[in-house]
Amino acid sequence: MKSILNFINGQFVRGPREFPDINPADGTLIAQVTEADRDLVDQAVRAARKAFELEWGRLGTRERATCLHRIADAIEARFDCFVAAEVADTGKPIALASRLDVPRAAANFRVFADLIKTAPLESFQTDTPDGRNALNYAVRKPLGVVGIITPWNLPLLLLTWKVAPALACGNTVVVKPSEETPATATLLAEVMKESGVPDGVYNIIHGFGTNSAGEFLTQHPEVNAVTFTGESQTGTAIMKTVAASVKPVSFELGGKNAAIVFADCDFDEAVSGICDAVFLNTGQVCLCAERVYVQRPIFDRFVETLKNKAESLRMGSPMDQSTQIGPLISKPHREKVLSYYKLAREEGATVVTGGGVPEFGNALDGGFYVQPTIYTGLLESARCVKEEIFGPVCHIAPFDEEEEAVSMANDTKYGLAASIWTTNLKRGHRVAQQMNVGITWVNCWFLRDLRTPFGGVGLSGIGREGGVHSLNFYSELNNICIRL
Ligand code: NAD
Ligand code: 6OD
């Protein structure tokens with residue numbers, strides 16, 4: 001049986017206990033993963049501290065950037081291995097991992113390698129009463145050791161989204177990938193070695209959250225900052241833990257995202273876009289639209305067309321190039337999603353399509369599949385309209401006036417993303433600017449430029465990453481004021 005090990009100070013290290021890594025497509029065992037105990041987490045943090053002080057933190061920007069490009073090259077050279085490992089761990093379709101997850105991992109390193117060389121620093125010439133004036137300028141300094149904790153839905157993409165800027169800024173890292181998806185973070189350790197990254201710069205501890213590697217990492221006094229992507233409730237727990245040592249945090253959390261479709265939209269483009277926004281990655285993207293508001297004149301036609309599209313999505317083995325919908329990540333997550341399917345009925349939903357579990361008559365019946373599902377007819381106060389489900393499901397509600405749509409879209413404790421579908425650009429701008437979220441797309445969804453701010457408001461997170469915003473989180477600015 002394959003083992004997945006911790007990676008500390010350039011060495012693969014076994015821990016005292018193991019847990020299984022399960023393939024969600026058929027429920028089979030992929031590997032045994034070794035869990036890091038408190039002592040191993042401490043070793044990882046110490047290794048990161050030493051590498052920061054003696055090597056990585058002292059390297060010049062150019063050398064770090066060159067090294068990051070080598071990491072991207074090495075990811076590309078092992079493209080098929082990364083795709084295979086990500087598909088096995090997550091059950092996501094191979095076509096999706098090949099076009100989204102693995103290319104984005106390489107792009108994350110390239111973007112921050114280039115940005116760290118070109119990012120400007122602030123400077124001000126300051127008037128003084130005596131006329132001699134002063135010059136203020138800021139320099140970037142790394143934070144030290146950064147703890148990175150990531151979820152299972154886009155494992156390599158979201159891990160490298162944080163590792164790349166952290167390393168670019170001169171920090172060293174200890175990463176805690178999701179217990180559900182340990183493989184690609186571990187493959188990345190091999191890539192780090194091949195790319196000449198010094199020992200101790202990239203460390204991995206495997207395990208769970210509470211009373212396990214995740215919590216031990218956030219409690220560690222030598223960790224200078226914590227960056228986390230995952231559920232809002234976990235963000236609350238981490239915030240409590242890091243409060244004791246006042247660590248800076250960056251949180252990318254959950255969402256209950258709205259899409260607003262106006263009657264003047266490009267109908268085919270809107271249906272296609274919403275189909276992606278609801279069902280991509282089996283609905284397990286924090287940016288997915290679980291609430292769709294459609295203007296009344298096109299409501300019935302929209303619901304019918306989206307239903308047909310949802311029913312035509314090919315569900316099957318993630319290894320089949322034509323598969324569009326894979327399983328959910330795990331049995332407990334499927335139970336959670338199915339509990340919302342049941343709740344939707346109890347809350348009075350009309351089931352437009354789906355609502356159950358598909359049958360394949362083969363090994364995939366051991367996997368964690370659910371049907372793509374569309375509901376209508378729920379009250380806006382229903383739990384299924386308010387709570388994040390994180391599956392291939394949406395509720396579609398009609399609206400008449402623009403203000404009504406804006407008000408329903410904003411009626412949530414979350415605030416991650418929204419999408420607006422209209423051919424009236426004035427309306428597009430006007431509505432987009434009223435969205436209480438961190439990211440609004442107009443006539444598109446999940447179209448990314450890695451230089452732009454990414455993050456959420458309310459329960460969806462704290463802070464922004466992306467471009468210079470990442471550099472600002474992963475470094476401290478030291479302002480220097482010189483009397484002239
Ligand atoms: P999760 O919060 O359960 O777990 C995420 C990570 O946190 C895992 O590595 C887990 O082991 C760790 N963890 C759990 N409890 C911890 C604790 N007390 N201390 C330290 N670490 C702890 O999230 P998940 O189920 O893996 O991912 C799905 C969630 O992530 C959804 O809510 C989704 O919306 C959110 N998400 C948000 C974004 C974003 O960019 N905003 C991106 C992806 C996923
Ligand atoms: O594209 C990104 O940079 C990003 N952080 C995406 C998050 C997706 C959530 O599941």
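Atoms within each ligand, like the ligands themselves, are counted from 1 in listed order. These numbers were taken from a predicted model, which means no experiment stands behind them. Just so it is clear, the values below take in all heavy atoms, side chains as well, and ignore hydrogens, waters and symmetry mates.
Contacts with ligand 1 closer than 4.0 Å are made by side-chain heavy atoms of E179 only, the backbone lying farther away. At a heavy-atom cutoff of 4.0 Å, ligand 1 is contacted by no atom of T241, backbone or side chain. At a heavy-atom cutoff of 4.0 Å, ligand 1 is contacted by the backbone of F208 but not by its side chain. Here P177 has backbone heavy atoms under 4.0 Å from ligand 1, and that is the only part of it that gets that close. Under 4.0 angstrom from ligand 1, the non-hydrogen atoms of I149 all belong to its side chain. Contacts with ligand 1 closer than 4.0 Å are made by side-chain heavy atoms of E388 only, the backbone lying farther away. Residue contacts with ligand 1, taken as heavy atom pairs separated by less than 4.0 Å, involve I238 solely via side-chain atoms from C-beta onward. Contacts between L287 and ligand 1 below 4.0 angstrom, taking non-hydrogen atoms only, are absent altogether. Neither the backbone nor the side chain of T229 comes within contact range of ligand 2; no heavy atom lies under 4.0 Å. Of the heavy atoms in L416, only side-chain atoms (C-beta onward) come closer than 4.0 Å to ligand 1.
The distance from ligand 2 to the heavy atoms of F446 drops below 4.0 Å at these ligand atoms: 1 (O). Heavy-atom proximity to L158, at under 4.0 Å, picks out these atoms of ligand 2: 4 (C), 5 (N), 6 (C), 7 (C). Counting atoms of ligand 1 from 1 in the listed order, those under 4.0 Å from a heavy atom of K176 are 8 (C), 9 (O), 10 (C), 11 (O). Near E215, meaning under 4.0 Å from any of its heavy atoms, are these atoms of ligand 1: 19 (N), 20 (C). The L158 neighbourhood of ligand 1 comprises atoms 42 (C), 43 (C), with distances under 4.0 Å to a heavy atom of that residue. Near G214, meaning under 4.0 Å from any of its heavy atoms, are these atoms of ligand 1: 19 (N), 20 (C), 21 (N). Remark: ligand 2 atoms within the under-4.0 Å shell around heavy atoms of N153 are 9 (C), 10 (O). Distances below 4.0 Å separate heavy atoms of N153 from the following atoms of ligand 1: 43 (C), 44 (C). For ligand 1, the atoms lying closer than 4.0 Å to a non-hydrogen atom of S178 are 9 (O). Each of the atoms 5 (N) of ligand 2 lies under 4.0 Å from some heavy atom of E252. The F228 neighbourhood of ligand 1 comprises atoms 2 (O), 5 (C), 6 (C), 7 (O), with distances under 4.0 Å to a heavy atom of that residue.
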In sequence, state the C-alpha distance, the side-chain angles, and the governing distance for I396 and V292, and then conclude on side-chain contact (heavy atoms from CB on, under 4.5 Å). CA-CA 5 Å; I396 316 184; V292 182; 4.2 Å; yes
Intermediate values then yes/no, side-chain contact (heavy atoms from CB on, under 4.5 Å), W441 and I420: CA-CA 6 Å; W441 281 287; I420 318 290; over 6 Å; no
Determine, stepwise, if the pair W152 / E179 fulfils side-chain contact (heavy atoms from CB on, under 4.5 Å). CA-CA 8 Å; W152 44 257; E179 54 274 30; over 6 Å; no
One pair to check against side-chain contact (heavy atoms from CB on, under 4.5 Å): V174 and L217. What are the steps and the verdict? CA-CA 8 Å; V174 179; L217 181 63; 3.7 Å; yes
Stepwise salt bridge (Lys or Arg N to Asp or Glu O under 4.0 Å) test for D42 and R38: CA-CA 6 Å; D42 183 54; R38 200 184 279 279; over 6 Å; no
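Taking a cutoff of 4.0 Å between a charged side-chain nitrogen and a carboxylate oxygen, R110 and D114 do not qualify as a salt bridge. Checked for salt-bridge contact, E290 and K256 meet the test: a charged N lies under 4.0 Å from a carboxylate O. For R46 and E222, the salt-bridge test fails: no basic side-chain N is under 4.0 Å from an acidic carboxylate O. Note on D21 versus K2: no salt bridge recorded, every NZ/NE/NH1/NH2 to OD/OE distance being 4.0 Å or above. Salt-bridge formation is detected for the pair D199/K193: a Lys NZ or Arg NE/NH1/NH2 atom is positioned less than 4.0 Å from an Asp or Glu carboxylate oxygen.
Checking atom 4 (O) of ligand 1 against the protein gives no heavy-atom contact under 4.0 Å.
No heavy atom of G461 sits closer than 4.0 Å to any atom of ligand 1. Ligand 1 has no atom lying under 4.0 Å from any heavy atom of F251. Using a 4.0 angstrom heavy-atom cutoff, R104 counts as in contact with ligand 2.
The two residues P151 and G230 make their nearest non-hydrogen contact at CB-CA, 4.4 Å. The two atoms that bring E86 and T90 nearest to each other are O-OG1, 2.6 Å, heavy atoms only. Contact between R334 and V357 at its shortest, heavy atoms only, is NH1-CG1, 3.5 Å. Here the closest heavy-atom approach between residue L379 and residue V385 is recorded as O-CG2, 3.5 Å. Minimum interatomic distance between V442 and A432 (heavy atoms only, all atoms of both residues): CG2-CB, 4.1 Å.
Ring-plane geometry between F251 and F228 is classed as perpendicular, the angle between the planes exceeding 60 degrees on a 0 to 90 degree scale with a lower cut at 30. Classified by interplanar angle (parallel below 30°, tilted 30° to 60°, perpendicular above 60°), the ring pair F7/Y202 is tilted.
Here the protein heavy atom with the shortest distance to atom 1 (O) of ligand 2 is R448 NE, 2.7 Å. When hydrogens are left out, the protein atom nearest atom 39 (C) of ligand 1 is C286 SG, 3.1 Å; that is the closest non-hydrogen contact. Closest to atom 6 (C) of ligand 1, if we only count protein heavy atoms, is T150 O, 3.4 Å. In terms of protein heavy atoms, atom 15 (N) of ligand 1 is closest to T234 CG2, 3.2 Å. F390 CE2, 3.7 Å is the protein heavy atom nearest to atom 28 (C) of ligand 1. The shortest contact between atom 6 (C) of ligand 2 and any protein heavy atom is with F454 CZ, 3.5 Å. From the protein, the heavy atom lying nearest to atom 24 (P) of ligand 1 is W152 NE1, 3.3 Å. What sits closest to atom 27 (O) of ligand 1 on the protein, heavy atoms only, is P151 CB, 3.3 Å. Here the protein heavy atom with the shortest distance to atom 23 (O) of ligand 1 is E231 N, 3.4 Å. Nearest protein heavy-atom contact of atom 22 (C) of ligand 1 is G209 CA, 3.4 Å.
When atom types are taken as modelled, the side chain of S178 and the backbone of E180 share a donor-acceptor pair closer than 3.5 angstrom.
In terms of N/O distances under 3.5 Å, ligand 1 is approached by L253. Distances between N or O atoms of C286 and those of ligand 2 include at least one value under 3.5 Å.
Between atom CG of residue D37 and atom CG of residue N211 there is a gap of 11.0 Å, rounded to the nearest 0.5 Å. Rounding to the nearest 0.5 Å gives a distance of 8.5 Å between CG of L5 and CD of E18.
The cationic group of R448 lies under 6.0 Å from the six-membered ring centre of W161 and within 45° of the ring axis, placing it in a cation-pi geometry.
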